[in-house]
Number of protein chains: 2
Amino acid sequence: MQHQNLVNVITDALPGLNKSERKVAEAILSDPESATGSSIASLAKRANVSEPSVNRFCKRFNTAGFPDFKLKLAKSLVSGVRFVNRNVDPNDTVESYTPKIFDSTINDLALIRDSIDHSVVNAVVDQLIQAKRVYFFGLGTSGSVARDAENKFFRFNLPVSFHDDVLMMRMLASTGSAGDVFFVISHTGRTKEIIDIAEIASNNGATVIALTSSSSPLTAVSSIALEVDVPENTDEYMAMTSRIVHLVVLDVLATGFTLRRGPDFLPHLERIKNSLKPTRYQSED
Amino acid sequence: MQHQNLVNVITDALPGLNKSERKVAEAILSDPESATGSSIASLAKRANVSEPSVNRFCKRFNTAGFPDFKLKLAKSLVSGVRFVNRNVDPNDTVESYTPKIFDSTINDLALIRDSIDHSVVNAVVDQLIQAKRVYFFGLGTSGSVARDAENKFFRFNLPVSFHDDVLMMRMLASTGSAGDVFFVISHTGRTKEIIDIAEIASNNGATVIALTSSSSPLTAVSSIALEVDVPENTDEYMAMTSRIVHLVVLDVLATGFTLRRGPDFLPHLERIKNSLKPTRYQSED
DNA sequence: ATTATTTACGTAATTTTACTACATATGGGG
DNA sequence: CCCCATATGTAGTAAAATTACGTAAATAAT
């Protein structure tokens, strides 16, 4: 885990710290934001320890010294590090749970950004570019993602549709053939019905692209799997962020698609955009 | 604009800088990451200017001094500052456009996280808690958001539905009354049809909640407006991130809702979660 | 229990870093 | 060509961080 959050690292290390180090840790955790701005002297005073104790504390956390520590702490605080991996609890107020939700989403996006396999993205764009037809399949929450994907990809002058009805999916899969792309979205990748359908399409020679988590049964029956591992959310209060990540991945694919089509294609997109103008009040974008 | 990215600010200010300041700017921009780690002396040397010039440069950008500047620069570099507000261009490869898309989404989320009005969130949760019925309305992309909202809120044992058919919406609005909540989602808030419908519902005494951008016509005809201003994306290649922000805002509302309902409600959510188990292979969460 | 030994912590000196005040230079307008 | 404004650098000062060292506390061994 390359990019662990300093605040969390300190919190986790708390039990193993000795007296003055713990004082420093508590002083920092009580107000991390202000810690990034203060000098070693003022922090030492606030924690009731000597300056070298603060310095030693910093070095314990793999930083070159106090300035370096402040820097890394500051970085940790961006994109809501304060709350990342900190669950919503029943005592939270709007002021506290709102940033928690945002931050946990941001955190997951950053995670996938850094771990997504670019060659797979490229391969998927390849398939989409060549496709005669594209079907987006998804159930439940993933159904909304599939619907959004349709809305995005139809702009590319490509026969595309989304489906959230398993019988419809099954029929379409059974009539699929080479040139058809079945883009199957499933967070768990374990829904039996969906796996069945993917298998049918695959057996008919169609291309099956899965947007799902790694080493899921769905991956196994797909031509290409865009494996996106969003950390499971065990917290009852916390939302499922996987669908958000999926949407962004689809944005990435759409971007790749547009770039591959080249600049001649842009006027077409512009035309679609403009088509909505008469439905709106006043001018915009 | 409170939280502009320092790297971009410097880039934009470049033309208006004088000679030595520009040298400093270029030295920083050529390797911002290393700039955050170096001392004022080494940076001055690298830019071929004196130390006070570097200091003056920092102050010009509304920072207290060099250390403060480094801090802010470091923060800017987190969550892909490299790319934020930097558009996708035709020469981008997968490796470069992928993080751009993620970062622009992350950036927008952070922006809204810091600017969202908590009291409005609270007020909306109030209304949802009291609602006899909730309708989620949205067209196009916002239709997918509405669909996702339905999927989220039906778990609360609340009569809820989503609609993306304007005739259906119109009929529902016309039969609405006090106790009914019409939750209208629209990025622009300018779609005539939607505004009409919101007005009808409102005139019938129903509560109209709008999730839209500020000072839009839709805001005017709503009981409560959750104003979320996602920066317009003028780039042809870049995706619309407003729908993602909307989804997260709905997550926030759902969280607020759950918390308001109290811990007695959690077993109900658990039961819904478990209901899907038989549809899947193997065990999970 | 008492001493030895390690570990923790603080004091003070040293070094590094940043800032300020001032001086010189550079360039544009009269 | 000189004056004034702005830009930049020099040198000194203050602040900050680090190191070296010494003392105190804690732990282990006898």
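In what follows, every chain begins at residue 1, and chains take the letters A, B, ... in the order their sequences are listed. Note that the coordinates shown come from a computational prediction; the quantities given were computed from them, not determined experimentally.
- When each of B/Asn48 and A/Arg56 is assigned the nucleotide of DNA chain D with its nearest heavy atom, B/Asn48 is the one assigned upstream, toward the 5' end.
- Here the side chain of B/Glu51 is nearest to one of C/dC9, D/dT8, C/dC19, namely C/dC19.
- Here the nucleotide nearest the side chain of B/Ser20, chosen from D/dT18, C/dT11, D/dT8, is D/dT8.
- Between the side chains of A/Ser50 and A/Ser53, at least one donor N or O lies within less than 3.5 Å of an accepting N or O.
- Ion pairing between a basic and an acidic side chain is recognised when a charged N comes within 4.0 Å of a carboxylate O; A/Lys100 and A/Asp89 show such pairing.
- Per the geometry, CG belonging to B/Leu17 stands 16 Å off P belonging to D/dT6, to the nearest Å.
- Taking every side-chain heavy atom of A/Pro52 into account, C/dA12 is the closest of D/dA7, C/dC19, C/dA12.
- Aromatic ring centroids of B/Phe66 and B/Phe57 lie 6.0 Å or more apart.
- If you check every strand for non-hydrogen atoms under 4.0 Å, B/Val49 touches sugar and phosphate atoms only.
- A side-chain N or O of A/Asn122 and one of A/Arg260 form a donor-acceptor pair less than 3.5 Å apart.
- Of all the heavy atoms in A/Ser30 and A/Arg46, the pair that sits closest is OG-NH1, 4.0 Å.
- In terms of heavy-atom proximity, A/Ala35 sits nearest to A/Leu73 at CB-CD2, 4.0 Å.
- In this structure, a donor-acceptor pair under 3.5 Å is absent between the side chains of A/Ser216 and A/Ser213.
- Closest to the A/Ser50 side chain, of the nucleotides D/dG9, C/dT11, C/dC19, is C/dT11.
- Dashed line: the shortest gap from a side-chain N or O of A/Lys19 to OP1 or OP2 of D/dA26 is under 4.0 Å.
- A heavy atom closer than 4.0 Å to some atom of DNA chain C occurs in no member of residues 23-37 of chain B.
- Taking the side chain of B/Ser39 as heavy atoms from C-beta on, and the options C/dT17, D/dT8, C/dA8, the nearest nucleotide is C/dT17.
- Taking CD1 of B/Ile116 as the start and CZ of A/Phe102 as the end, the distance is 4.5 Å to the nearest 0.5 Å.
- Taking atom CZ on A/Phe57 and atom C1' on D/dA17, their separation rounds to 16 Å, with Å as the unit.
- Atom CZ of A/Arg22 is separated from atom P of C/dC9 by 10 Å (rounded to the nearest Å).
- Once rounded to the nearest 0.5 Å, the distance linking CD1 of A/Ile10 with CD1 of A/Ile28 reads 5.0 Å.
- Rounded to whole angstrom, the span from the CG atom of B/Asn55 across to the P atom of D/dG9 amounts to 13 Å.
- In the set D/dA17, C/dC9, D/dT8, the nucleotide with an atom closest to the side chain of A/Lys70 is D/dA17.
- When the side-chain nitrogen and oxygen atoms of A/Asn18 are compared with OP1 and OP2 of C/dA8, one or more of them lie within a distance under 4.0 Å.
- The distance between atom CD of B/Glu21 and atom C1' of D/dA7, rounded to the nearest whole Å, is 9 Å.
- Here C/dA18 presents its P atom at 10 Å from CG of B/Leu43, a figure rounded to the nearest Å.
- You'll find that the side chain of A/Ile40 is closest to D/dA17, out of C/dC9, D/dA17, D/dA7.
- Within residues 58-67 of chain B, the residues having any heavy atom closer than 4.0 Å to DNA chain C are, in order of number, B/Lys59, B/Gly65, B/Phe66, B/Pro67.
- Remark: the B/Asn55 side chain and the B/Arg60 side chain contain no N/O donor-acceptor pair separated by less than 3.5 Å.
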